[in-house]
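Here the structure comes first, spelled out in structure tokens, and everything after it is commentary.
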Amino acid sequence: MSVGFHELEEAPPPMTARLEGELMEISMGPQHPSTHGVFRMNVALEGEIVRKLKPVFGYLHRNHEKIGESTSYLGSMPYTDRLDYFCSMTNNWAYALSVEKLAGIEVPERAEYLRVILAELTRLQNHASLLGFLLSDMGAWGTPLMYAFREREIILDLFESLSGSRMMCDYMRFGGCRCDLPPGWMERARKVVDAFPRFLDEFEKLIVSNEILIARTQSVGTLSAELAINAGITGPMLRACGVNYDLRKVDGYGFYPRFKFRVPLGEHGDCYDRLMMRVLEMRESIEILQQAMEQLPEGPIMNPKVKIRAFKPPIGEAYGRIEGPKGELGFYLISDGGPNPYRYRVRPPSFINLTILEDLCLGHTVADVMVILGSVDIVMGEVDR
Amino acid sequence: MIGSGVLNGMAVTLRNFLGSYFERDRLTTVQYPEERETLAENYRNFPFLVYDTEDAAAGLRCVACKICEKECPPQCILIVKSEDKKPDYLGKPQFYPRVFDIDISVCMSCQICVEVCPFEAIKMDKIFELSRRERFDALLMGKDELAKSNLYYHNIHPLEAAAVDAKLAEAAEAKKKKT
Amino acid sequence: MESLQEIKTRVEAAMPGAKVEIVVNPGPAQQSSLLLGNQHATAIARFLRDDSALRLDHCSNATGVDWLDRKVSKKVKVKKVVEGEEKEVEETQEEFFPGYLEAVYHLYSMTLKQGPIVIRTRTSDRAAGACLPSLTPVYRSAEFQEREIFDLYGIRFDGHPDLRRILMWDEFEDHPMRKDYCEPDDYEYEPTAHDDVLEKAKQHSIARPELDGAEKLTTQS
């Protein structure tokens with residue numbers, strides 16, 4: 001029996017009344033094409049505005065630190081490749097630097113120059129892929145991503161002919177590098193670096209003056225400098241807020257003081273600044289690469305006094321850090337005189353940069369959450385280890 | 001004019017698309033498996049055991065010293081030493097591995113076993129088309145599958161194999177001079 | 001930058017009653033650390049952050065360490081009576097250090113570009129309810145890292161705004177990074193070449209049922 005409209009006890013509310021309700025909690029779940037890996041955000045939404053955001057991760061936790069305690073120092077080196085799997089060369093360098101600090105090992109000149117060259121190539125391909133992914137998250141359907149990956153593949157081909165593997169390079173050793181450059185590598189690398197500005201110009205034309213991108217990233221996710229410093233944010237995200245702190249200039253590790261390069265700084269600290277930070281850093285990396293390739297000396301690439309097997313550093317502890325493409329990557333090692341470290345700790349930049357994700361996203365819409373997350377630049381291999 | 005940024009971007013895309021018909025470096029894909037790119041000389045993927053003469057059993061360089069088993073980070077190598085000694089390719093009686101298993105579902109191709117081997121017995125191969133239908137046991141490679149000749153090594157890594165041969169010849173010369 | 005001894009005297013002058021000790025780091029890296037007493041650790045951290053000569057505003061790394069009970073033996077010359085004569089004899093003395101859990105923080109200064117200063121806080125023992133003061137009110141970067149220390153080591157941080165597990169799932173028990181953690185037997189069956197993992201896993205696998213029981217069927221049932 002159907003009830004006629006006029007037979008209801010109460011009149012239905014008029015269409016103009018506001019619908020007041022509780023916050024809707026959704027999980028921007030671990031399986032999501034735009035969350036840069038298995039990353040979950042529990043968001044409480046009022047309509048489309050974010051009122052609360054709690055990140056949940058640990059889906060890729062592989063207890064890397066515990067494995068480090070039961071593996072020798074050399075054996076942990078291939079595992080460090082798999083931390084931030086986009087930038088394996090810089091992960092290797094950070095670990096090698098920390099062990100060299102722990103044991104007081106010196107590195108020959110040619111090895112340091114090679115490390116700088118490979119680290120800057122890593123930075124180039126990481127920033128290019130990040131911009132590609134960010135634009136793909138914003139709805140550009142993969143075109144900038146494929147262009148960025150085209151350049152990335154050329155750089156990965158260089159890594160493959162040098163170390164044997166595109167991504168998991170396992171190239172640095174304590175006291176130098178594993179093997180020397182194969183014949184013809186330097187010419188190919190020079191060609192790649194000389195052709196890169198042309199790609200950057202084309203890429204900039206594709207994205208930088210695009211009105212949709214400007215509308216979606218300017219004034220979105222603004223981060224103040226005080227909060228950034230207090231929350232331990234490092235890397236391009238910190239420099240986008242205007243804080244001049246680049247470990248290549250501050251710590252001066254690895255012969256960086258010999259190269260002339262500028263550190264780009266942002267003004268507003270929003271997503272657009274973070275994006276442009278990466279574009280400008282790519283140009284500075286090309287400067288460093290050109291200088292390093294010219295100054296590369298001949299000589300040994302490995303300190304001959306370091307043992308490969310049965311490497312036992314003296315008792316003590318050390319914390320070594322480098323400016324990785326995503327931020328400050330540090331390794332804290334405690335040695336008890338044995339072949340395995342007593343405590344092996346990775347200071348992951350992506351993990352700590354996520355601390356203020358909630359602060360950045362409050363008050364913005366759901367669509368902006370993806371843009372903000374993309375500009376933070378996380379890789380789950382590093383967040384979860 | 002509003003929209004000029006978007007139109008500029010579309011012009012870049014169009015230039016790349018049309019250019020891929022005419023310029024070689026704008027067309028970056030390879031139609032695998034009909035076309036294959038040559039692998040770099042240093043490319044590494046899964047280890048193999050080297051033997052010197054035609055005979056896989058007699059010429060095997062490995063003397064079952066178990067250093068690679070100990071240093072392997074994911075512990076994917078299993079070696080069982082033989083009871084007896086047999087003469088190696090130089091004529092000296094050495095132990096040999098009765099069982100040499102590498103579980104390639106665990107191996108991460110880090111090539112630490114190659115670096116620590118004192119006898120140049122284990123080197124990195126370049127094989128990657130290794131699909132099997134079962135998950136376990138089919139990916140456990142034993143001594144027969146792993147042993148490949150020195151000629152094969154020269155084929156896949158010419159520069160490296162030449163350097164290794166020179167080093168072994170030098171060591172043999174030095175030993176002959178001593179005796 | 002000031003040496004650790006100078007920092008120690010200034011902290012003790014500014015905060016009477018605060019316990020600060022210097023822990024020497026042997027080895028070439030020479031990053032010695034300050035061991036802070038648990039009561040005043042947060043206040044000392046705030047002093048280190050706001051002091052105009054130090055300005056240690058960047059907490060770069062916060063990590064936990066698990067020290068088991070250990071015996072450290074050292075050779076010591078001791079005067080002993082041997083055969084009626086007093087002689088100096090070398091003896092190995094063993095000192096017993098009971099185990100404890102520790103939280104280590106590396107502090108740098110972004111404004112003054114100096115550092116690192118390493119500070120440590122220790123629990124009294126490795127019991128289940130180990131507590132340490134949280135430095136999250138002073139350094140926001142310690143928020144996630146202290147959650148991770150709680151998750152993996154079991155140290156509770158007093159004053160942390162949101163202390164819950166971060167890397168392991170919420171219903172997980174036990175703390176994986178402790179040195180006495182026993183891993184579960186029933187990993188996914190991974191037949192590596194090494195048999196003790198295989199043996200442990202086999203104890204947990206269910207026996208395979210017969211294929212379809214057709215051989216059991218009789219004409220009666």
Side-chain angles (χ1 to χ4, degrees), chain A residues 54-61 63 65-66 69 98 100-105 225-234 238 243-245 249-251 313-321 328 330-337 342-343 345-348 351-356 359 383-385, chain C residues 23-33 49 55 57-68 70 72 102 104 106-111 113-116 118 120 136 138-145 147-149 151-152 162 164-170 172 176-179 181 183:
Chain A
K54 292 282 176 224
V56 178
F57 38 83
Y59 294 94
L60 197 52
H61 181 63
N63 61 294
E65 299 184 355
K66 192 134 183 121
E69 288 179 9
S98 307
E100 282 155 16
K101 242 191 206 169
L102 181 70
I105 304 174
E226 298 83 35
L227 180 60
I229 298 179
N230 193 253
I233 311 290
T234 49
L238 174 72
V243 179
N244 185 359
Y245 193 70
K249 296 271 194 197
V250 169
D251 277 356
I315 299 182
E317 60 178 48
Y319 179 68
R321 59 184 195 159
E328 173 188 325
F331 277 80
Y332 174 58
L333 293 161
I334 301 185
S335 155
D336 59 350
Y342 186 80
R343 173 79 171 107
R345 150 89 180 168
V346 181
R347 186 257 188 218
F351 182 67
I352 295 175
N353 288 356
L354 279 179
T355 312
I356 38 95
D359 299 64
V383 173
D384 295 337
R385 278 153 287 138
Chain C
V23 177
V24 177
N25 174 23
Q30 292 184 343
Q31 287 170 347
S32 302
S33 41
R49 185 189 69 180
R55 298 283 292 154
D57 45 12
H58 174 53
C59 174
S60 170
N61 177 29
T63 180
V65 190
D66 182 12
W67 294 100
L68 292 171
R70 62 210 148 111
V72 176
E102 204 172 48
V104 183
H106 287 80
L107 305 174
Y108 285 83
S109 171
M110 277 199 191
T111 37
K113 311 263 193 302
Q114 57 186 8
V118 187
R120 308 175 104 95
T136 307
V138 182
Y139 297 109
R140 180 92 188 267
S141 67
E143 184 182 333
F144 276 12
Q145 302 189 72
R147 270 179 72 185
E148 184 189 336
I149 303 176
D151 185 5
L152 297 178
D162 184 17
R164 56 196 163 95
R165 286 192 180 264
I166 192 169
L167 289 177
M168 306 304 287
W169 60 96
D170 289 326
F172 189 78
M177 277 295 282
R178 290 200 177 199
K179 295 278 179 183
Y181 172 70
E183 45 196 38

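On a predicted model such as this, the values are computed, not experimentally measured, just so you know. Convention: sequence-line order gives letters A, B, ...; per-chain numbering from 1.
The most heavy-atom pairs under 4.5 Å with chain C, out of A:Arg343, A:His61, A:Lys101, come from A:Arg343. For chain A, the option among C:His106, C:Gln114, C:Arg49, C:Lys113 with the highest count of heavy-atom pairs below 4.5 Å is C:His106. Put simply, of A:Ala231, A:Ser335, A:Pro55, A:Gly104, the one with the most heavy-atom pairs under 4.5 Å next to chain C is A:Ala231. Heavy-atom pairs under 4.5 Å with chain C peak, among A:Arg321, A:Glu100, A:Glu69, at A:Arg321. Top candidate by heavy-atom pairs under 4.5 Å with chain C, chosen from A:Val243, A:Ile334, A:Val56, A:Ile105, is A:Ile334.
The line from CD1 of A:Ile229 to OH of C:Tyr139 is 12.0 Å long, rounded to the nearest 0.5 Å. Expressed to the nearest 0.5 Å, how far CG of A:Asn63 lies from CE of C:Met177 amounts to 8.5 Å.
Of the two parts of A:Leu60, neither the backbone nor the side chain holds a non-hydrogen atom closer than 4.5 Å to a non-hydrogen atom of chain C. Of the two parts of C:Arg164, only the side chain, counted from C-beta on, holds a non-hydrogen atom closer than 4.5 Å to a non-hydrogen atom of chain A. Of the atoms belonging to C:Asp151, not a single heavy atom falls under 4.5 Å from chain A. With a 4.5 angstrom heavy-atom cutoff, C:Pro26 touches chain A via backbone and side-chain atoms both. Residue C:Ala142: no heavy atom, backbone or side chain, is found under 4.5 Å from chain A. The part of C:Asn25 that comes within reach of chain A is its side chain, from C-beta onward, which places non-hydrogen atoms under 4.5 angstrom from that chain. For C:Val104, the part lying near chain A is the side chain, with the backbone staying farther off; criterion is any non-hydrogen pair under 4.5 Å. With a 4.5 Å cut-off on non-hydrogen atoms, A:Asp359 touches chain C through its side chain but not through its backbone. Neither the backbone nor the side chain of A:Lys249 has a heavy atom closer than 4.5 Å to any heavy atom of chain C. In this structure, chain A has a heavy atom under 4.5 Å from the side chain of C:Met168, while its backbone stays farther away. Only the side chain of C:Glu143 comes within contact range of chain A, with at least one heavy atom under 4.5 Å from a heavy atom of that chain.
Contact check for C:Trp169 versus A:Tyr59: no side-chain heavy atoms found under the 4.5 Å cut-off.
C:Asn61 approaches A:Tyr332 most closely through the heavy-atom pair ND2-CB, 3.7 Å. Closest approach of C:Leu167 to A:Val383, counting heavy atoms only: CD2-O, 4.2 Å. Here the closest heavy-atom approach between residue C:Met110 and residue A:Ile233 is recorded as CE-O, 3.8 Å. Closest of all the heavy-atom pairs between C:Ser141 and A:Ile352 is CB-CG2, 4.2 Å. Residues C:Ser109 and A:Tyr245 come closest through the heavy atom pair O-CE1, 4.0 Å.
Side-chain N or O atoms of A:Glu328 include none that pairs as donor or acceptor with a backbone N or O of C:Ser60 at under 3.5 Å. Using a distance-only test at 3.5 Å, with no hydrogens or angles considered, a donor-acceptor pair links the side chain of A:Lys66 to the main chain of C:Arg178. Here the side chain of A:Asn230 pairs no donor or acceptor atom with the backbone of C:Cys59 at under 3.5 angstrom. Within the 3.5 Å criterion, the main-chain N or O of C:Val65 finds no donor-acceptor partner in the side chain of A:Tyr342.
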- prompt: After noting the C-alpha distance and the side-chain angles of A:Glu317 and C:Gln31, does the key distance pass the side-chain contact (heavy atoms from CB on, under 4.5 Å) rule?
  reply: CA-CA 7 Å; A:Glu317 60 178 48; C:Gln31 287 170 347; 5.6 Å; no
query: Which is it for A:Arg385 and C:Glu148 under the salt bridge (charged side-chain N to carboxylate O under 4.0 Å, His left out) test, yes or no, and what are the steps along the way?
result: CA-CA 12 Å; A:Arg385 278 153 287 138; C:Glu148 184 189 336; 2.9 Å; yes
task: Starting from the C-alpha separation in whole Å, work towards a yes-or-no answer on salt bridge (charged side-chain N to carboxylate O under 4.0 Å, His left out) for C:Arg140 and A:Glu226.
output: CA-CA 11 Å; C:Arg140 180 92 188 267; A:Glu226 298 83 35; over 6 Å; no
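Note on ring orientation: taking the six-membered ring where Trp is involved, the planes of A:Tyr319 and C:Tyr108 are tilted (angle from 30° to 60°).
Neither side chain, A:Arg347 nor C:Thr63, offers a donor N or O lying under 3.5 Å from an acceptor on the other.
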